Undergrad: 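Below: one structure in structure tokens.
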Amino acid sequence: MLSVSDRLQTLKSQSQCALIPFITAGDPDLETTAKALRILDRAGADIIELGVPYSDPLADGPTIHAAATRALRRGVKLEDVLGVVESVRDEITAPIVLFTYYNPILYRGIEPFLQRIAQAGVKGLVVPDLPLEEAEALLTKGKEVGIELTLLVAPTSPQERIEAIAKQSQGFVYLVSVTGVTGARTEVASRVKDLLPRLHKTTDKAIGVGFGISQPEHAKQMKEWGADAVIVGSAVVKLLAQGTPEEGLKAIEAFCQSLKAAIQ
Amino acid sequence: MTVTPLHPSPTQTQPDRLGRFGTFGGKYVPETLMPALRELEDAIAQYKDDPGFQKELDGLLKDYVGRPSPLYFAERLTQHYAKADGTGVQIYLKREDLNHTGAHKINNALAQVLLAKRMGKVRIIAETGAGQHGVATATVCARFGLKCVIYMGVCDMERQSLNVFRMRLLGATVQPVEAGTGTLKDATSEAIRDWVTNVEDTHYILGSVAGPHPYPMMVRDFHAVIGRETRQQCEEKWGGLPDILLACVGGGSNAIGLFYEFIKDSSVRLIGVEAAGEGAETEKHAATLTKGRPGVLHGAMSYVLQDGEGQIIEAHSLSAGLDYPGVGPEHSYLKDTGRAEYYSVTDGEAVDAFQRLSRLEGIIPALETSHAIAYLETLCPQLEGSPRLIINCSGRGDKDVQTVAKFLDANPK
């Protein structure tokens, strides 16, 4: 597996927009998560974001919150999630980025946590409740073990914060497209149209846009506005949770292909 | 080798550049909120010493809230704990229950709404557990004509139905939260999600000394009037300091409001009482400082009830206002430095105290407050002489009569 930044830089040099689907680990079960990772990889995912279920996901809307709650009720633990990563790492090419809240990291200890996820084959990390000011330890220690910590920029971030975040962010810069939590929305936020060029002026790093992108047309729009990657979460999670696991897997395969087709 | 300094460093009373008391506090929130927290810090700095702001606030605290609240000598409660030799703890109640809306919560809600108005915010949101903070927020929103949404867990809506009715009567929208156990933690998470979404026109009136910086500092400062009045009242009554301050701790706003003024008076013992629910040794409690460990919840580093995976555990307390798995960062700091002591009492002990104060003093305390009163059972026999002790009587208990009646039915003596 390549690093997240290498993968994105390669695509960027080919003027390609990357597709980053998100799923919640352990929903509906760990076996399906492993299958989903292989399927998404095959269906055009360039990077895959894997959500570690958390009890109090502040930045998540109802879809991902519910998926996390179901996974936790099934007793899914961080070690289980990493077990899944270990089981598929040699079969897939898309680097895996772990999406987790800060408290479980803190509980394990920053260094043991980073060493363990790196050993399992994880390449990147997104921690939605960790702003730049609190991120120093993860940024520094992550570098030592080859884990890239991607920081988020919001529509409300003033220019000097955008610059500071873009400078420190690793892997790519995650642009949150809406003021709000994760979740499918019917329209994409037009503010992104202004934000993307501003961000590109600030940094050479790839820019991934996420939160609220739920349809191929949204993804296409983001690409046209200059996104280097689009992140699609709740829409995938919702499809995977519908019907039997087999039906869910089929549905996300077709969806992932249609997203990929829209941004090619 | 550990070297104990001969002169321990003075207790830190202001958060550092990152909003921390020692290692506790900080800002652990989605990036979307960071500019709003900065805006709030700037507004606090601008208005803290602004004569116009202070004048408006002081005027409303006096004429609308009814401050100063009395410092009342609880004669029969004192007699109840008197020793055979005639000595015994002299118990005073700081009567925050006499404030408009029946609890200390209005001190903070009123001040924050004045701040929000100056910041140009048109919509107010808040979380509530027992409903006291929700009622206080709904009240000040009615007073200033602001749109108000209160997040409340479905379980709390049931056990505090009187307060739900009051909030609606005051014109607020009460938004039920079904996630988790439907209590204060879940309501707080949902309020934060609303704030992330509507941050540009909305101010979040957080009701405790929890959450990201600058909330713990700001909410404390708005409640510090409790301690300032207490100092003056002690001076008037006996010309000195109190010996012991006692208050219940959920998030910890009423406790810090009383303690803060006295942190540097090292002779004054500061005691916080948490909710042990069915027992601190069981799985059903809310004794965060007693049984938790440092972690991050709702934007701050503090003691948190969590499992072996760093997942937040549901708290339990009969008292909705204390039913919370976190606690304010400054309390975590005061615990670790040893400046304040924290203990816990069970649901049953709190209900006993609820009845005791009602019968002995004709004051029906909130179930939250009853936890502080209950700790007298343990504390009084340990004390020698006749120290002066002040309990923050943080709220009135009318809202709790149904809960207590149900509890007594289920747990007959």
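Only a predicted model underlies this, so the values are computations on that prediction, with no experimental measurement involved.
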Undergrad: Check this for me: A:E86, atom CD, are more than 12 non-hydrogen atoms of other residues, nucleotides or ligands nearer than 6.0 Å?
TA: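 Counting neighbours around CD of A:E86, more than 12 heavy atoms of other residues, nucleotides or ligands fall under 6.0 Å, so yes.
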Undergrad: Within a reach of under 6.0 Å around CG of B:D201, are more than 12 heavy atoms found that belong to other residues, nucleotides or ligands?
TA: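 Above 12, so yes.
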Undergrad: So does A:Q119 have more than 12 non-hydrogen atoms from other groups sitting under 6.0 Å from CD?
TA: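 Above 12, so yes.
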Undergrad: Heavy-atom distance under 4.5 Å to chain A: side chain of B:I312, backbone, both or neither?
TA: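 The answer is both parts of B:I312.
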Undergrad: Under a 3.5 Å distance rule, please check whether B:T32 uses its side chain to pair with a backbone N or O of A:A154 as donor and acceptor.
TA: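 No, B:T32 side chain to A:A154 backbone: no donor-acceptor pair under 3.5 Å.
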Undergrad: Is a side-chain N or O of A:D129 found less than 3.5 angstrom from the main chain of B:Y28, in a donor-acceptor match?
TA: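 No; zero donor-acceptor contacts below 3.5 Å.
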Undergrad: With a 4.5 Å cut-off on heavy-atom pairs, point out which of A:D56, A:L132, A:L72 contacts chain B the most.
TA: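 Highest number of heavy-atom pairs under 4.5 Å: A:D56.
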Undergrad: Tell me, for B:R17 versus chain A, whether the close heavy atoms (under 4.5 Å) come from the side chain, the backbone, both or neither.
TA: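 Contact with chain A: none, neither part.
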Undergrad: Quick one: which of A:A135, A:A59, A:P128, A:P62 has the most heavy-atom pairs under 4.5 Å with chain B, could you say?
TA: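 Top option by heavy-atom pairs under 4.5 Å: A:P128.
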Undergrad: Using non-hydrogen atoms only, which part of B:A36 is less than 4.5 Å away from chain A: side chain, backbone, both, or neither?
TA: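 B:A36 has no heavy atom closer than 4.5 Å to chain A.
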Undergrad: Ignoring hydrogens and angles, state whether a donor on the side chain of B:E200 or A:T156 is under 3.5 Å from an acceptor on the partner side chain.
TA: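 Judged by distance alone, the side chains do not pair up.
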Undergrad: Counting heavy-atom pairs closer than 4.5 Å to chain B, which one of A:A66, A:P158, A:P53, A:P57 comes out on top?
TA: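 With the most close heavy-atom pairs to chain B, the winner is A:P57.
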Undergrad: Where does A:S157 contact chain B at under 4.5 Å (heavy atoms): side chain, backbone, both or neither?
TA: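 Contact with chain B: backbone and side chain both.
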Undergrad: Look at the side chain of B:E309 and the backbone N and O of A:L78, then say whether any donor-acceptor pair between them is shorter than 3.5 Å.
TA: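 Yes, because the side chain of B:E309 sits within donor-acceptor range (under 3.5 Å) of the backbone of A:L78.
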Undergrad: Find the one option among B:E190, B:K27, B:Q311 whose heavy-atom pairs under 4.5 Å with chain A are most numerous.
TA: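 Top option by heavy-atom pairs under 4.5 Å: B:Q311.
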Undergrad: For atom CD of B:E158, is the number of surrounding heavy atoms from other residues, nucleotides or ligands below 6.0 Å larger than 12?
TA: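 Counting neighbours around CD of B:E158, 12 or fewer heavy atoms of other residues, nucleotides or ligands fall under 6.0 Å, so no.
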Undergrad: Does a sphere of radius 6.0 Å around NZ in A:K238 hold more than 12 heavy atoms from other residues, nucleotides or ligands, not counting ones at 6.0 Å or beyond?
TA: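 Counting other residues, nucleotides and ligands, NZ of A:K238 stays at 12 neighbours or fewer.
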Undergrad: Take a 6.0 Å sphere around CD of B:E281 and say whether it holds more than 12 heavy atoms from other residues, nucleotides or ligands.
TA: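 More than 12 heavy atoms, drawn from other residues, nucleotides or ligands, come within 6.0 Å of this atom.
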Undergrad: For residues A:E134 and B:V296, determine if any side-chain heavy atom of one lies less than 4.5 Å from a side-chain heavy atom of the other.
TA: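 SC-SC contact between A:E134 and B:V296 ruled out.
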Undergrad: For A:V153, is it the side chain, the backbone, both or neither that has a heavy atom under 4.5 Å from a heavy atom of chain B?
TA: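 The backbone, not the side chain.
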Undergrad: Could you measure the distance from the CG atom of A:L152 to the CE atom of B:M34? Nearest 0.5 Å is fine.
TA: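 Atom-to-atom, A:L152:CG and B:M34:CE are 12.0 Å apart.
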Undergrad: So, using side-chain contact (heavy atoms from CB on, under 4.5 Å) as the criterion, who are the partners of B:R38 when residues are at least two apart?
TA: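 B:R38: side-chain contact (heavy atoms from CB on, under 4.5 Å) contacts with B:E41, B:D42.
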Undergrad: What part of A:Y54 gets within 4.5 angstrom of chain B, counting heavy atoms only: side chain, backbone, both, or neither?
TA: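 Both backbone and side chain.
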Undergrad: How many angstroms lie between CG in B:L297 and CG in A:L58, if you round to the nearest 0.5 Å?
TA: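 Here the interatomic distance stands at 8.0 Å.
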Undergrad: Would you mind checking which part of B:D307 comes under 4.5 Å of any heavy atom in chain A, side chain (CB onward), backbone (N, CA, C, O), both or neither?
TA: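 Interface part for B:D307: backbone (N, CA, C, O).
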Undergrad: After noting the C-alpha distance and the side-chain angles of B:Q306 and A:N103, does the key distance pass the side chain to side chain contact (heavy atoms under 4.5 Å, CB included) rule?
TA: CA-CA 9 Å; B:Q306 50 188 318; A:N103 199 50; 2.8 Å; yes
Undergrad: A:I165 versus chain B, heavy atoms under 4.5 Å apart: side chain, backbone, both or neither?
TA: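 When you check distances to chain B, only side chain atoms of A:I165 fall under 4.5 Å.
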